[in-house]
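First comes the structure, then the notes that go with it.
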Amino acid sequence: MIDRREEPSVMSVYDPLSRELGRTRAQTIRLTFSEIEEILGRSLPPSAYKFSAWWGNESSRKAGAHAGHGVAAGRLRG
């Protein structure tokens with residue numbers, strides 16, 4: 001049996017977002033794309049702006065960023 005605690009952890013570019021979400025006890029957090037990019041320290045990929053499905057893509061490394069947090073993406077209409 002492999003003891004996974006001994007394996008080095010791989011940091012995801014979305015770990016800063018995970019930490020930020022973990023700090024709040026609020027049931028709802030509303031962030032703009034710019035605010036998310038500021039937390040990440042990098043730009044989001046173009047698909048994050050175009051497709052709300054990008055936010056629910058569990059196969060990517062970003063899945064850990066919102067593990068335990070519901071995620072909804074949408075555009076505000078003015």
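Both backbone and side-chain heavy atoms feed into the values below; hydrogens, waters and symmetry mates do not.
- A side-chain contact (heavy atoms from CB on, under 4.5 Å) with Ile39 is found for one member of Ser18, Pro16, Ser34 and no other, namely Pro16.
- Taking both residues in full, the closest heavy atoms of Leu44 and Phe33 are given as CD1-CD2, 3.7 Å, listed atom of the first, atom of the second, then distance.
- Shortest non-hydrogen contact noted between Arg30 and Glu35 is O-OE1, 3.9 Å.
- Contact check for Ile36 versus Leu40: side-chain heavy atoms found under the 4.5 Å cut-off.
- Closest approach of Leu17 and Leu31 over heavy atoms only: CD1-CD1, 4.3 Å.
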